[in-house]
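One structure is given below, encoded as structure tokens.
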Amino acid sequence: MRRISVFGATGSIGQSTLDLLGRAPDAFGVVALTGGRNIAALAAAARAHRAEVAVTAYPECLQDLRAALAGSATEAAAGPEAIAEAAERPADLAVSAIVGAAGLVPGLRAAAQGTTIALANKESLVCAGPLLLATARAAGARILPVDSEHSAIFQALAGDDMASVERVIITASGGPFRDWPADRLARATPAEAVRHPNWSMGARISVDSASLVNKAMDLIETREFFGIPPERIEVLVHPQSIVHALVAHVDGGVIAHLGPPDMRHAIGYALNWPERAPLPVARLDLARIGALTFEDPDPVRFPALRLAREVMAARGMAGAVFNAAKEIALDHFLEGRVGFTAMAAIVEATLARMAAEPGFTSAPDRLEIVLDFDHLARMRAAEAARSLAGG
Ligand code: NDP
């Protein structure tokens with residue numbers, strides 16, 4: 001039996017993971033489950049999977065969690081440090097599926113124990129890729145990608161030497177606003193932005209998909225995870241979300257990874273790796289789908305990909321600043337304080353201002369410096385958001 005911990009168990013990726021674990025109770029046992037404010041879902045999952053420990057990120061929720069777990073064998077704990085301690089419990093695999101930079105520390109602590117990480121939390125790689133990868137390397141921990149494009153690249157690469165790879169192409173659905181003109185985009189509401197045409201995901205990543213900020217994160221994640229130079233990573237808009245990534249080799253051959261848009265494929269692949277096991281995802285019916293189409297992203301309406309390229313060129317703390325600024329910009333958009341297109345402007349202004357900070361060009365190889373830049377960039381992004389909102 002493989003012992004699994006799930007960080008972000010109450011979220012979209014976490015619940016899909018638990019769905020898979022619940023279908024194979026003899027193959028998997030659950031060590032730690034963590035969540036945020038959704039105490040009912042956290043306690044229900046802990047009971048259903050007989051978790052050793054359930055942790056909420058919020059100390060003020062501990063009493064409710066204890067009450068919800070009364071009579072069960074699951075311990076209750078709370079706070080970011082309790083989540084990090086849960087990451088140190090012996091496990092065969094930790095699913096890193098907290099949303100945002102809050103996923104960085106638990107991922108680092110699990111990697112430092114030598115635990116294999118199934119990584120959905122792309123923010124960890126964007127903010128501190130070198131730190132996470134070096135921590136894992138030093139402890140002999142493997143990192144398996146869960147993000148669909150990166151799982152697709154990983155699978156398409158199986159058995160091939162990176163030296164033969166000429167280009168990697170990741171796809172983007174284009175989101176709900178793919179065809180919207182610029183003036184309509186400026187008026188897009190959060191309710192419209194979370195309505196992803198193909199994928200069912202958490203609200204934050206859905207809005208990031210609509211602005212292509214999610215694809216910008218994916219670009220940086222590809223560079224960090226696979227060590228491919230930015231000029232050899234391309235993005236194609238593919239509205240059907242069936243081809244998730246393509247790996248082009250020096251001999252002209254291109255290997256594509258296809259599958260229906262269901263995150264349980266990539267999660268299940270990581271859970272079962274290096275084996276493959278049957279998964280409850282729909283089977284691909286290409287005749288029914290009929291056509292797979294591809295187009296270049298529009299850099300004018302969606303500036304996020306240009307910003308990602310600037311971040312990759314700048315290196316240093318640029319990834320941590322980009323992530324922090326986009327998280328603050330997203331908060332302001334979701335709260336109705338700035339418009340949809342203002343999010344990219346906030347990120348761009350924050351990057352420009354932070355580039356002058358001492359230490360901006362340092363490698364993100366120490367947690368303290370990454371957290372310092374994360375903190376300062378959040379303040380600067382909030383200032384940029386206030387000035388754009390006119391107050
Ligand atoms: P959700 O918003 O659905 O879930 C986020 C999870 O993180 C929840 O368990 C939430 O708890 C928890 N959480 C929120 N804030 C904190 C915090 N400060 N500290 C600890 N835990 C916290 O997100 P998704 O499942 O959509 O995404 C999770 C990660 O996976 C993200 O990094 C995302 O980019 C990545 N990803 C997601 C994909 C998807 O299809 N959803 C695809 C590829 C990558 P609660 O809800 O209880 O408050």
Side-chain angles (χ1 to χ4, degrees), residues 5-19 32-46 54-61 64-65 68 77-87 94-107 109 117-127 132 144-152 170-173 175 194 196 198-209 213-218 220-222 225 241 244-245 259-267 269-270 281 323 326-327 330-331 334 374 378:
S5 289
V6 185
F7 296 84
T10 52
S12 168
I13 293 286
Q15 293 285 302
S16 293
T17 304
L18 292 171
D19 173 68
L33 297 180
T34 82
R37 297 204 181 275
N38 192 345
I39 299 304
L42 180 59
V55 192
T56 161
Y58 302 102
E60 64 273 22
C61 297
D64 288 348
L65 181 59
E81 184 50 32
I83 292 182
E85 283 169 13
V95 178
S96 170
I98 289 173
V99 68
L104 174 60
V105 170
R109 297 277 275 268
I117 312 282
L119 187 70
N121 179 265
K122 59 188 84 186
E123 296 87 345
S124 312
L125 278 177
V126 172
C127 296
L132 180 63
L144 301 169
V146 166
D147 213 346
S148 56
E149 298 76 7
H150 307 82
S151 175
I170 57 177
T171 61
S173 69
V194 296
H196 197 282
N198 304 335
W199 296 93
S200 157
M201 308 186 287
R204 298 184 71 86
I205 186 173
S206 297
V207 178
D208 283 349
S209 287
V213 161
N214 181 49
K215 210 45 52 182
M217 300 282 286
D218 288 349
I220 303 169
E221 188 183 1
T222 304
F225 191 84
S241 297
H244 304 304
D262 183 337
M263 285 307 296
R264 291 178 305 174
H265 170 72
I267 298 166
Y269 181 80
V281 298
N323 180 67
K326 77 96 184 165
E327 288 193 19
L330 182 56
D331 290 341
L334 290 172
D374 175 86
R378 282 172 198 271

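Quick note: numbers below take in every heavy atom, side chains included, and nothing from hydrogens, waters or symmetry partners. Every number for a ligand or one of its atoms is a count from 1 in the order of the listing.
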Next item on the list: Among all protein heavy atoms, pick the one closest to atom 28 (C) of ligand 1 and tell me residue, atom and distance.
Entry: Ala97 O, 3.3 Å

Check: Looking at CD1 of Ile13 and CG of Leu18, how far apart are the two atoms once the value is rounded to the nearest 0.5 Å?
Finding: 11.5 Å

Next item on the list: Taking Thr171 for its side chain and His244 for its backbone only, find out whether a donor-acceptor pair lies under 3.5 Å.
Entry: yes

Note to self: Starting from atom 23 (O) of ligand 1, what is the nearest protein heavy atom, named by residue and atom, and what distance separates them?
What the structure shows: Val99 CB, 4.0 Å

Note to self: For the 3.5 Å polar cut-off, considering only N or O atoms, please tell me whether Glu123 and ligand 1 meet it.
What the structure shows: yes

Notebook entry, point to check: Taking both backbone and side-chain atoms of Ser148, is any N or O found less than 3.5 Å from an N or O belonging to ligand 1?
Noted result: no

Margin query: Which residue and atom name correspond to the protein heavy atom nearest atom 19 (N) of ligand 1, and how close is it?
Written below: Ala57 CB, 3.4 Å

Note to self: Would Met201 count as being in polar contact with ligand 1, using the rule that some N or O on each side must be under 3.5 angstrom apart?
What the structure shows: no

Check: So, does Lys122 sit close enough to ligand 1 that a heavy atom of it is under 4.0 Å from the ligand?
Finding: yes

Check: Is Phe7 in contact with ligand 1, taking contact as a heavy-atom separation below 4.0 Å?
Finding: no

Next item on the list: From the options Ile83, Ile39, Val146, Ile205, select the one whose nearest heavy atom is closest to atom 37 (C) of ligand 1.
Entry: Ile205

Next item on the list: Considering only non-hydrogen protein atoms, determine which one is nearest to atom 13 (N) of ligand 1 and report residue, atom name and distance to 0.1 Å.
Entry: Ile98 CG2, 4.2 Å

Margin query: I'd like the name of whichever of Ser209, Ala120, Ala40, Ala102 reaches closest to atom 18 (N) of ligand 1 through any heavy atom.
Written below: Ala102

Check: For atom 3 (O) of ligand 1, what's the nearest protein heavy atom and its distance?
Finding: Ser12 N, 2.8 Å

Next item on the list: Look only at the side chain of Thr34 and the backbone of Thr56, and say whether a donor-acceptor pair between them is shorter than 3.5 Å.
Entry: no

Next item on the list: Say whether, by atom type as modelled, one donor and one acceptor occur between the side chain of Asn214 and the main chain of Ile205 under 3.5 angstrom.
Entry: no

Check: Any side-chain donor-acceptor pair under 3.5 Å between Asp19 and Gln15?
Finding: no

Item checked: Heavy-atom proximity to atom 40 (O) of ligand 1, best of Met263, Met217, His196, Glu221 -> Met263

Notebook entry, point to check: Identify the closest protein heavy atom to atom 25 (O) of ligand 1: which residue and atom is it, and at what distance?
Noted result: Ile13 N, 2.9 Å

Next item on the list: Please determine if Asp208 and Arg204 form a salt bridge, counting it only when a charged side-chain N lies under 4.0 Å from a carboxylate O.
Entry: no

Next item on the list: Please tell me if the side chains of Ser12 and Met263 come closer than 4.5 Å, counting only heavy atoms from C-beta onward.
Entry: no

Next item on the list: Check each of Val55, Thr10, Leu33 against atom 46 (O) of ligand 1 and report the one with the nearest heavy atom.
Entry: Thr10

